[in-house]
Amino acid sequence: MSVIIKGEQIYEGKAKRLFNTNDPDRTIIEYKDSFTAFNGEKRAEMSGKGRLNNLISSEIFEYLSDKGVPHHFIERIDELCQLAVKVRILPLEVVVRNITTGSICKRLGVGEGIRLQQPLVELYFKDDDLGDPIVTEDHAILFGWASQEDLWAIKSVAVRVNDLLTALFNGISVVLVDFKLEFGKDMSGKLLLADEISPDTCRFWDVSTGDRLDKDRFRKDLGNVLGAYEEIWKRLSGRAK
Ligand code: TMP
Ligand code: ASP
C-alpha cells in the first residue's frame, strides 16, 4: 500500500498517541510535548519535546535497522509522527543497566555510579496502578505476559541493543548508563522491538563532564531539560556516518 492515510486515534499514552491507518498492519505514532515522571505524578508540557524525541528515536531505530535488529519502526513521516508496524505490546518493561543509578540504588541500597561487570537485564510488569513492579522471568511466564522463547529472544535482543547503542553513543561522547525497551508482536506473531528509544527512556551522561543529558533533568529539577535533548539530537545527527 503506497499512500498511508491517518485514521482515528486508538490510544493515548503519557508521551505519545497512536492512530489507525488505512493499512491494518500499520500505525502512526505521534509524539507529544508532555513530560511525566514518578508514574505520572509530576507533569509538564514543553514545546518542542515531541519533535526532539521523534527525531532521536527515529535516528536510533534507523541505526538499529542497519544492524539487523527486528523492530516496528518503518519511517519518520514528519516532525512529530512516525509510521510503524502495528504490534500488541507485551506488558513488560525491559531495563538494561551498565552503571548503577536510579531505582536499583533505592531498591538494593547499592551505591551510585558503579560500573557493572556485565549488563544487568531486569523485567518490570507494565501496570501504572501497581507502579510497574519489578518481576522475575517466572512471573512473566506463569502469568502469561511472555513465553520462555519470547524471554530468551528479548534478553538476547536487549543485550545486543545495549552493545550497539553503547558504541553509537560512545562515538558522540555520551555514556549509555541504562535504558528501557518494550517489545510487541505483529499480526503474524513475530516479536519486534517497539515503543521509543529517546532521552525519556535512556540515561545519557556526557563522557567528560558527567552532565545528565536525559529525562533525569526533569525528574530531579536540574533545569535546561530541552537543552539536553537538543544536545543529544545535535550530536546524533551531526555524527560521521
Ligand atoms: P529506573 O532506574 O528508574 O528503574 O530507570 C531505569 C531506566 O528506565 C532509565 O533509563 C529510565 C527508564 N525508564 C523508562 O523509560 N520508563 C519508566 O517508567 C521508568 C521508571 C524508567
Ligand atoms: N515514565 C514514568 C512516568 O511517566 C516514570 C519515569 O519515566 O520516571 O511517570
Side-chain angles (χ1 to χ4, degrees), residues 11-18 29 31-46 49-50 52-54 56-57 60-61 71-72 89-116 119-136 145 154-155 157-159 161-166 168-169 174-184 193-206 210-222 225-226 228-229 232 236:
Y11 176 78
E12 176 157 10
K14 286 178 284 205
K16 297 183 287 297
R17 296 187 189 91
L18 299 187
I29 304 174
Y31 283 70
K32 307 200 302 187
D33 282 337
S34 323
F35 272 99
T36 70
F38 313 117
N39 207 10
E41 272 173 41
K42 180 172 176 174
R43 289 163 185 274
E45 288 290 306
M46 287 186 211
K49 186 257 194 181
L52 285 165
N53 272 1
N54 182 35
I56 293 167
S57 193
I60 292 175
F61 273 102
H71 61 61
H72 73 149
I89 292 282
L90 306 187
L92 291 172
E93 300 204 340
V94 181
V95 169
V96 182
R97 298 180 193 272
N98 296 305
I99 295 177
T100 60
T101 190
S103 70
I104 195 172
C105 296
K106 293 206 187 79
R107 183 178 314 109
L108 302 181
V110 295
E112 286 261 346
I114 299 166
R115 179 163 280 280
L116 300 167
L120 173 65
V121 182
E122 298 175 329
L123 298 177
Y124 295 80
F125 177 42
K126 216 170 123 63
D127 185 313
D128 280 346
D129 293 341
L130 299 176
D132 298 343
I134 193 165
V135 295
T136 67
W145 303 326
I154 283 171
K155 185 157 181 186
V157 172
V159 170
V161 168
N162 185 49
D163 289 344
L164 292 167
L165 295 189
T166 295
L168 174 68
F169 282 93
V174 170
V175 180
L176 179 65
V177 173
D178 57 30
F179 58 95
K180 183 264 301 178
L181 300 176
E182 295 189 23
F183 291 82
L193 178 62
D195 196 52
E196 69 179 283
I197 303 178
S198 73
D200 271 17
T201 64
C202 302
R203 286 196 176 95
F204 298 130
W205 294 354
D206 181 83
D211 273 357
R212 276 34 179 179
L213 297 173
D214 58 60
K215 194 167 132 183
D216 269 356
R217 301 202 73 83
F218 173 70
R219 295 188 187 97
K220 299 180 173 181
D221 295 319
L222 300 177
V225 179
L226 281 193
Y229 284 54
I232 290 291
L236 257 187

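First listed ligand is number 1; within each ligand, the first listed atom is number 1.
Residue-level proximity to ligand 1 for Asp200 is carried by the backbone, the only part with a heavy atom below 4.0 angstrom. Neither the backbone nor the side chain of Lys215 comes within 4.0 Å of ligand 1, counting heavy atoms alone.
Looking only at distances, no side-chain donor or acceptor of Asp127 sits under 3.5 Å from a matching main-chain atom of Asp132. Side-chain atoms of His72 never come within 3.5 Å of backbone atoms of Gly184 as a donor-acceptor pair (strictly under, hydrogens ignored). With hydrogens and angles disregarded, a donor-acceptor distance shorter than 3.5 Å links the side chain of Asp33 to the backbone of Lys49. Remark: side-chain polar atoms of Lys42 are paired, donor with acceptor, to backbone N or O of Arg219 under 3.5 angstrom.
When side chains are defined from C-beta on, Ser198 does not count as touching Tyr31, because their heavy atoms never get closer than 4.5 Å. Asn53 is listed as a side-chain neighbour of Asp200, based on a closest heavy-atom distance under 4.5 Å.
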Criterion side chain to side chain contact (heavy atoms under 4.5 Å, CB included) on Glu45 and Phe35, from CA distance to verdict: CA-CA 6 Å; Glu45 288 290 306; Phe35 272 99; over 6 Å; no

Trace of the side chain to side chain contact (heavy atoms under 4.5 Å, CB included) decision for Lys32 with Arg17: CA-CA 7 Å; Lys32 307 200 302 187; Arg17 296 187 189 91; 3.6 Å; yes

Test side chain to side chain contact (heavy atoms under 4.5 Å, CB included) applied to Leu123 and Trp145, step by step: CA-CA 11 Å; Leu123 298 177; Trp145 303 326; over 6 Å; no

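Nearest protein neighbour of atom 7 (C) of ligand 1, counting heavy atoms only, is Asp178 OD1, 3.7 Å. Atom 17 (C) of ligand 1 has its closest protein heavy atom at Glu93 OE1, 3.9 Å. In terms of protein heavy atoms, atom 7 (O) of ligand 2 is closest to Lys215 NZ, 2.9 Å. The nearest protein atom to atom 16 (N) of ligand 1, hydrogens excluded, is given as Lys180 CE, 3.7 Å; this is a heavy-atom distance. Of the protein's heavy atoms, Arg203 NH2, 3.6 Å lies nearest to atom 3 (O) of ligand 1. Protein heavy atom closest to atom 8 (O) of ligand 2, with residue, atom name and distance, is Arg219 NE, 2.8 Å. Shortest contact from atom 4 (O) of ligand 2 to any protein heavy atom: Thr36 OG1, 2.2 Å. Taking atom 4 (O) of ligand 1 as the reference point, the nearest protein heavy-atom neighbour is Ser103 OG, 2.6 Å.
Atoms of ligand 2 found under 4.0 Å from any heavy atom of Phe38, numbered from 1 in the order shown, are 5 (C), 8 (O), 9 (O). Short contacts between ligand 2 and Gly40, defined as distances under 4.0 Å to a heavy atom of the residue, involve ligand atoms 3 (C), 9 (O). Interface atoms of ligand 1 facing Cys202, defined by a heavy-atom separation under 4.0 Å, are 10 (O). Of all the atoms in ligand 1, the ones that sit under 4.0 Å from a non-hydrogen atom of Gly102 are 2 (O). The atoms of ligand 1 that sit less than 4.0 Å from any heavy atom of Phe179 are 10 (O). Applying the 4.0 Å criterion to heavy atoms of Asn39 picks out, from ligand 2, the atoms 3 (C), 5 (C), 9 (O).
Taking any N or O of Arg219, backbone or side chain, none lies under 3.5 Å from an N or O belonging to ligand 1. Considering backbone and side-chain N/O atoms, Asp200 never comes within less than 3.5 Å of an N/O atom of ligand 2. Remark: ligand 1 and Asp132 share no N or O pair separated by less than 3.5 Å (distance only, no angle test).
Not a single protein heavy atom sits closer than 4.0 Å to atom 20 (C) of ligand 1.
Within the 4.0 Å heavy-atom cutoff, Arg97 counts among the residues contacting ligand 1.
Test Lys215, Arg97, Arg115 against Asp178 for salt bridge (charged side-chain N to carboxylate O under 4.0 Å, His left out) and you get one pass: Arg97. Screening Val175, Leu176, Ile104 for a side-chain contact (heavy atoms from CB on, under 4.5 Å) with Ile99, the sole residue that qualifies is Val175.
Side-chain rings of Phe169 and Phe179 stay apart, their centers remaining 6.0 Å or farther from each other.
With no hydrogens or angles considered, a side-chain donor-acceptor pair links Asn162 and Asn98 at under 3.5 Å.
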